[in-house]
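Just so we're clear, the structure is a prediction, and the values are computed from it rather than from any experiment. When a ligand or atom number is given, it counts from 1 through the structure's own listing order.
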Amino acid sequence: MKIKDINKEDLVIQPIENADTIPASWYTSKEIYDFEISHLINSEWQYVGNFSQIPSIGDYFLFEISGKPILVVRSDDKTIKAFYNVCRHRGGPLALENGSCKLFQCKYHGWTYKLDGSLHKTPQFGPVENFNKDEFGLVPVNLDIWENLIFTMINNPSVNIQKIMSGVKDRIQPINLSDKKFYKRVHYSVNCNWKVYVDNYLEGYHLNFVHPSLSKLLIPSEYKTEVSEFYSLQYSPLKDDANFYGEGNAYYYFIFPNIMLNILPGRLQVNLVQPISIDKTIVIFDYFYDDIHSTLNVKKIEEDIKLSDEIQLEDIMICEKVQKGLLSGAYNKGRISPQSELGVYHFQSHLKRKFKTHIE
Ligand code: FES
Ligand SMILES: [Fe+2]
């Protein structure tokens with residue numbers, strides 16, 4: 001496969017001291033965007049939700065990956081299954097919103113499906129010939145689970161999510177992610193290419209300029225980045241005064257290509273960066289905490305969410321300005337800071353490797 005918008009020399013991975021940033025055209029080309037959807041977004045695990053959304057048999061929630069409607073359900077045997085939310089009759093939806101049911105009934109002409117996806121009944125349909133109901137079950141979607149978090153993939157996986165996340169649980173001890181309870185989901189819409197948002201997440205270089213309140217919480221001189229095969233990690237000790245999280249580290253994990261785990265004492269925040277179009281991105285924030293019931297903790301939670309929201313609006317502002325800068329014609333490639341942009345370098349190098357394996 002050839003992509004005309006990519007020059008071969010831009011795929012070279014230079015040592016970080018010599019590294020250029022990826023070209024502006026990679027953030028604005030429709031051809032590259034389409035390629036990324038099929039080879040990255042649809043070919044890597046995507047975080048879709050968590051156990052606590054579907055605690056009982058028949059509970060389900062809806063999600064979309066690159067516009068494809070997906071249904072995740074707690075099935076009869078208590079296992080979690082994912083299907084396309086697409087009826088095998090003429091493509092209608094089985095569900096229009098999250099809920100709970102014993103059978104799925106298509107909202108178009110009423111075909112019913114069991115929770116394991118098999119076709120149950122086709123009312124007022126016959127007589128038909130050569131119609132085998134067993135061949136008309138819901139189409140399954142690949143699913144995997146890690147620490148009570150649910151991931152799905154459109155194309156067939158080559159690596160499971162445990163392998164991708166290996167090392168995370170040990171690194172963050174004594175924090176245990178599977179203890180955390182889901183509190184709420186927030187969506188942010190950002191007018192930029194999804195990679196602008198990811199690049200921005202991957203460095204603390206902008207903290208002093210864009211996030212004055214966050215730089216009061218972390219210790220900039222001890223802010224570090226580590227990289228490994230499937231993810232990068234930025235971390236910093238928290239300042240022990242004036243923060244409501246308590247003692248410990250802030251860990252910011254980025255799992256290629258678009259998942260973030262933001263872990264602080266007592267709190268997990270999972271982000272999914274969803275490309276919607278070349279210059280539109282939705283970022284999902286799922287908030288989890290150790291204790292979501294006591295009055296004191298709920299007060300802390302609300303403070304945490306307020307601070308995250310403030311930081312997010314600052315990031316959105318800068319990302320939207322950067323998108324305009326990339327489109328301006330005044331910028332092609334910049335340079336990477338070896339001191340402060342290892343995470344960006346790691347992400348952009350991964351991207352080049354992916355492009356390379358599919359292009360040559
Ligand atoms: S499309 Fe589902 S019953 Fe017709
Ligand atoms: Fe930021």
Next item on the list: Give the atom name of whichever N/O/S atom in H206 sits closest to the Fe ion (ligand 2).
Entry: NE2
Notebook entry, point to check: Measuring to atom 4 (Fe) of ligand 1, does C87 have an N/O/S atom at a distance below 2.8 Å?
Noted result: no
Margin query: Strictly below 4.0 Å, N to O, side chains only: are K181 and D290 in salt-bridge contact?
Written below: no
Check: Looking at H211, which of its N, O or S atoms is the nearest one to the Fe ion (ligand 2)?
Finding: NE2
Note to self: Out of all atoms in ligand 1, which are within 4.0 Å of some heavy atom of G92? Include the element for each.
What the structure shows: 1 (S)
Margin query: Name the residue from F355, W194, Y33 that meets the ring pair (Phe, Tyr, Trp, His ring centres under 6.0 Å) definition with W26.
Written below: F355
Checklist line | Numbered atoms and elements of ligand 1 in range of H89, under 4.0 angstrom, heavy atoms | finding: 1 (S), 2 (Fe), 3 (S), 4 (Fe)
Check: Can you name the one residue among K352, K333, K356 that meets salt bridge (Lys or Arg N to Asp or Glu O under 4.0 Å) with D10?
Finding: K333
Check: Is the cationic atom of R171 (NZ for Lys, CZ for Arg) positioned less than 6.0 Å from the six-membered ring centroid of Y235 and within 45 degrees of its normal?
Finding: yes
Next item on the list: Output the list of atoms in ligand 1 that are nearer than 4.0 Å to some heavy atom of W111, sorted by atom number.
Entry: 3 (S)
Note to self: I'd like to know if the side chain of Y27 pairs up with that of Q323 as donor and acceptor (distance under 3.5 Å, no hydrogens or angles considered).
What the structure shows: no
Item checked: Donor-acceptor pair, side chain of Q348 and main chain of G343, under 3.5 angstrom -> no
Checklist line | Among the N, O or S atoms of D315, the one nearest the Fe ion (ligand 2) | finding: OD1
Margin query: Please determine whether a side-chain nitrogen of the Lys or Arg among K30 and D34 lies less than 4.0 Å from a carboxylate oxygen of the Asp or Glu.
Written below: yes
Margin query: Quick check on contacts: which atoms of ligand 1 are under 4.0 angstrom from a heavy atom of G110?
Written below: 3 (S)
Note to self: Restricting to N, O or S, what is the name of the atom of H109 that lies nearest atom 4 (Fe) of ligand 1?
What the structure shows: ND1
Next item on the list: Give the ring-plane orientation class for Y253 versus Y251, where under 30° counts as parallel, over 60° as perpendicular and anything between as tilted.
Entry: parallel
Margin query: Please verify the inter-ring angle class for F254 with Y201; under 30° counts as parallel, over 60° as perpendicular, anything in between as tilted.
Written below: tilted
Next item on the list: Can you pull out the closest protein heavy atom to atom 1 (S) of ligand 1? Residue, atom name and distance to 0.1 Å, please.
Entry: R90 N, 3.2 Å
Next item on the list: Tell me whether C106 has at least one N, O or S atom under 2.8 Å from atom 2 (Fe) of ligand 1.
Entry: yes
Notebook entry, point to check: Taking both backbone and side chain into account, is any N, O or S atom of E314 nearer than 2.8 Å to the Fe ion (ligand 2)?
Noted result: no
Item checked: Location of contacts on Y108 toward ligand 1, heavy atoms closer than 4.0 Å -> side chain
